[in-house]
Amino acid sequence: MSSIQRARSFWGWGFADRFPDDDARRAIGAHVGALLGCTPELRAPPSLDAVKMGPPRAAVPADIAAFATQGREERARHAYGRSYRDVARGFAGDFATAPDVVAIPRDEAELARVLAACEKEALAAVPYGGGTSVVGGVEAEISGALRGVVSIDMRAMGKVLEVDAVSRAARIQAGALGPSLEKELAAHAMTLRHYPQSFEFSTLGGWIATRAGGHFATLYTHIDDLVESVRMVTPRGLFATRRLPASGAGPSPERLVLGSEGILGVVTEAWVRVRPRPKWRSSASVTFDDFFAGARAARAVAQSGLHPSNCRLLDGLEATLNGVPLDAPPEADGVRSGVLLLGFESADHPVREPLGRALALALAEGGRCPKGPRHKEEEARGGDDTSEAWRQAFLEAPYLQSTLVSLGVIADTFETACTWDGFEALHAAVAAAVKGAMPGGRGVLTCRFSHVYPDGPAPYFTFVVPGKAGEEIERWWAIKRAASDALSAGGATITHHHAVGRTHRPWYDRERPDLFAEALRAAKRAMDPQGILNPGVLLDPDATGCS
Ligand SMILES: Cc1cc2nc3c(=O)[nH]c(=O)nc-3n(C[C@H](O)[C@H](O)[C@H](O)COP(=O)(O)OP(=O)(O)OC[C@H]3O[C@@H](n4cnc5c(N)ncnc54)[C@H](O)[C@@H]3O)c2cc1C
């Protein structure tokens, strides 16, 4: 069955048929209960017919009626992203913030009509890619003169339009989901190789709008590094940039679009840099008794001039929870030990040598590599058993989070980036803040590096705590606030790749220079003078002074 035919869950992650049956949920509940010292209860999943949703506040504008709907199911499916808070509200059947209209434009002309209709009828316009935002990016908030919300679903603009094999670039429409764009590129023996964890259900336009982080741990970490040029339809016309490999001509126009999170316009397509699939892959996993020795090893590799595609460090508990073997058991809180997963790949040459050098750097920090390096050629997957165990658990994790919501357990992740000199202090501050906010101190916190740079890592933290019926979202907010305050106070960023949306606004506002906020407001006034586009994201809802 193709992923187009297979039904998606309207409240949780991914395909509906992946939600486990009661026996499987009981088994997961027992496992998590033992970890947290609680007894998770099985709650019944919601039915679409019974969810709470008000009638639309505005009618479908006549000019877009041919490709817009107010159907209950479409409205429910466009109400939320897929953060813990979204899934918890969806599971509780609360769809009170559903958009009033869902428009599905088929080309730029129809998209321009949607934006014009929104301006004319005073409706908020919220671009929607795959709806995997974890920061409230697709959940509209309206105030002032705005009367309702139109969700603009880009799914009808999802094709690879052109491949330039000479320059190794492809022109791809913004609504293309990860698997479909990779399938189309494969027909040209090319790949984008941008694999965020949400790859299966997120789109190129969403990646560009949020500056998504892919699987490359170094070098091509963000989609930014892969974008050659973009086209974006704004309420004031087309914003299209020139295809160039690089340019020093003033501030980069692409950079204004990258990370604009749907507040300036709707990205319709982009030329992105593609490459042949890798043929040579080498990998190794290195264990450490001390997580921070693992961090020093990751730093040594990041600063060596080598560019591993994988350089992920997991603390002992993160490794254990994800089925990644350690050659020694983690200490009591699991944090002190660690595993560093190293991988190199190339379509052009063997990568034994760089892997060998990276391994030597890791061993010099006290690491052990009992199984030695592993090398593969041609299309075979290159990970060793440890990397494969991690990869599988990584792909399953979002499904597990939805299952945990159905058991009343709170599980979420947050990520940041900091400089190497501040990492250990930041780790301690985040751990103290999160543990301090856990109800009764019960719960677990793990850490891993998702990406590493010569000047610092991108640490990624996961917490799992028991919920209390009716208070889960309050408990989640308490931890989220404590963690975000600790990141902000520690000089780290509120987000390395999950974006700002509405959830991260208070901390983003502290992080950016005031004059930058002023300049962003001016850019919004120029492109979206009536302030219809995604109000409340990145800027206050009335940022243009017009709504
Ligand atoms: C389980 C899970 C794992 C995740 N893993 C990662 C990860 O590894 N790396 C990562 O970076 N993120 C990750 N995310 C976050 C999310 O997947 C990314 O932010 C992704 O880029 C969103 O893409 P989307 O197509 O789903 O966009 P949406 O969620 O639909 O939208 C995200 C934001 O972009 C705007 N937008 C969407 N399309 C357009 C467009 N065409 N033009 C203008 N604005 C647009 C929306 O208005 C919204 O503000 C994860 C999320 C989940 C739930």
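Side-chain atoms of Ser202 do not come within 3.5 Å of backbone N or O of Gly130 as any donor-acceptor pair. A donor-acceptor pair is defined here as one N or O able to donate and one able to accept, closer than 3.5 Å; no such pair exists between the side chain of Asp17 and the backbone of Ala7. The main-chain N or O of Asp540 is never found under 3.5 Å from a side-chain atom of Arg521 such that the two would form a donor-acceptor pair. Arg72 places a side-chain N or O within donor-acceptor distance of the main-chain N or O of Val51, the cut-off being under 3.5 Å. Asp100 places no side-chain N or O within 3.5 Å of a backbone atom of Gly148 that could act as its donor or acceptor partner. Between the side chain of Thr503 and the main chain of Val135, a donor-acceptor pair closer than 3.5 Å is present. Looking at Asp63, its side chain never comes within 3.5 Å of a backbone N or O of Arg113 through a donor-acceptor pair. Listed for the Arg273 side chain is a donor-acceptor partner under 3.5 Å among the backbone atoms of Asp225. Of the possible donor and acceptor atoms, one in the side chain of His222 sits under 3.5 Å from a partner among the backbone N and O of His496. Side-chain N or O atoms of Arg231 include none that pairs as donor or acceptor with a backbone N or O of Leu238 at under 3.5 Å.
Summarising the geometry, atom CZ belonging to Phe216 is positioned 14.5 Å from atom OG belonging to Ser450; distances are rounded to the nearest 0.5 Å. Rounding to the nearest 0.5 angstrom, the gap separating the CE atom in Met232 from the CE atom in Met527 is 4.5 Å. The line from CG of Leu539 to CZ of Arg505 is 6.0 Å long, rounded to the nearest 0.5 Å. In this structure, CG on Leu264 lies 6.5 Å from NZ on Lys524, to the nearest 0.5 angstrom. The line from CH2 of Trp476 to CD1 of Ile410 is 10.0 Å long, rounded to the nearest 0.5 Å. Separating the CD atom in Glu121 from the CG atom in Leu146 is a distance of 12.0 Å, to the nearest 0.5 Å.
Closest heavy-atom contact between Ala98 and Arg57: O-NH2, 4.2 Å. Here the closest heavy-atom approach between residue Thr416 and residue Ala492 is recorded as OG1-CB, 3.2 Å. Taking every heavy atom of both residues into account, Ala59 and Val101 meet most closely at O-CG2, 4.2 Å. Taking both residues in full, the closest heavy atoms of Val405 and Ala88 are given as CG1-CA, 3.8 Å, listed atom of the first, atom of the second, then distance. Considering all non-hydrogen atoms of both residues, Pro235 and Asp528 come closest at CG-OD1, 3.7 Å. Among all heavy-atom pairs drawn from Phe91 and Ala44, the shortest one is CZ-O, 3.4 Å.
Between Glu474 and Lys468, every side-chain heavy-atom pair lies at or beyond the 4.5 Å cut-off. Arg442 is not listed as a side-chain neighbour of Val465, based on a closest heavy-atom distance of 4.5 Å or more. Leu445 places a side-chain heavy atom less than 4.5 Å from the side chain of Met438. Side-chain contact between His497 and Tyr460: present, with at least one pair of heavy atoms (C-beta onward) separated by less than 4.5 Å. With a 4.5 Å cut-off on side-chain heavy atoms, Leu185 and Ile172 count as touching. Taking the side chain as every heavy atom from C-beta outward, Gln530 and Lys120 never approach each other to under 4.5 Å. Using a 4.5 Å heavy-atom cutoff, the side chains of Leu115 and Leu533 are in contact. In this structure the side chain of Leu487 never reaches within 4.5 angstrom of the side chain of Thr493, judged on heavy atoms.
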Kindly indicate, with the supporting measurements, whether the criterion side-chain contact (heavy atoms from CB on, under 4.5 Å) is fulfilled by Trp207 and Val227.
-> CA-CA 10 Å; Trp207 301 340; Val227 171; over 6 Å; no
Would you sort out whether Ile223 and Leu204 count as a side-chain contact (heavy atoms from CB on, under 4.5 Å), showing the intermediate values?
-> CA-CA 9 Å; Ile223 191 71; Leu204 176 65; 4.2 Å; yes
Show the numbers, then the answer: is there a side-chain contact (heavy atoms from CB on, under 4.5 Å) between Ser402 and Trp11?
-> CA-CA 9 Å; Ser402 294; Trp11 62 268; 4.0 Å; yes
Take Glu119 and Arg236 through the side-chain contact (heavy atoms from CB on, under 4.5 Å) test and state the conclusion after the steps.
-> CA-CA 11 Å; Glu119 281 196 323; Arg236 281 299 158 269; 3.5 Å; yes
Under the salt bridge (charged side-chain N to carboxylate O under 4.0 Å, His left out) criterion, do Arg510 and Asp485 qualify, and how do the steps go?
-> CA-CA 10 Å; Arg510 276 184 236 164; Asp485 285 344; 3.6 Å; yes
Given His215 and Phe394, is the ring pair (Phe, Tyr, Trp, His ring centres under 6.0 Å) satisfied, shown in steps?
-> CA-CA 11 Å; His215 82 299; Phe394 185 64; 9.7 Å; no
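Between His78 and Tyr128, the ring planes are tilted. Angles from 30° to 60° get that label. Relative ring orientation between Phe461 and Phe414 is described as parallel, the plane-to-plane angle staying below 30° on a 0-90° scale split at 30° and 60°. In this structure, Phe199 and Tyr195 have perpendicular ring planes: the angle between them is above 60°, well past the 30° mark. In this structure, Phe201 and Phe15 have perpendicular ring planes: the angle between them is above 60°, well past the 30° mark. The aromatic rings of Trp13 and Tyr399 sit perpendicular, their planes meeting at an angle over 60°, well past the 30° parallel limit.
Enclosure of atom CG in Asp21 by more than 12 non-hydrogen atoms of other residues, nucleotides or ligands within 6.0 angstrom is indicated. Within a 6.0 Å radius of CZ in Phe239, other residues, nucleotides and ligands contribute more than 12 heavy atoms.
Comment: Glu472 does not engage Arg475 in a salt bridge, judged by the lack of any side-chain N to carboxylate O separation of less than 4.0 angstrom. Remark: Asp164 engages Arg243 in a salt bridge, criterion side-chain N to carboxylate O under 4.0 Å. Salt-bridge annotation for Arg171 and Glu269: present, with a side-chain N of the basic residue lying under 4.0 Å from a carboxylate O of the acidic one. A salt bridge links Asp224 to Arg255: one of the charged nitrogens lies within less than 4.0 Å of a carboxylate oxygen. In this structure, Arg6 does not pair ionically with Glu200, as no charged nitrogen and carboxylate oxygen lie closer than 4.0 Å.
A donor and an acceptor atom, one from each side chain of Glu182 and Thr191, are located under 3.5 Å apart. Donor-acceptor pairing under 3.5 Å is lacking for the side chains of Glu74 and Thr69. Between the side chains of Glu415 and Thr495, at least one donor N or O lies within less than 3.5 Å of an accepting N or O.
The only member of Arg502, Arg89, Arg82 that meets salt bridge (charged side-chain N to carboxylate O under 4.0 Å, His left out) when paired with Glu139 is Arg89.
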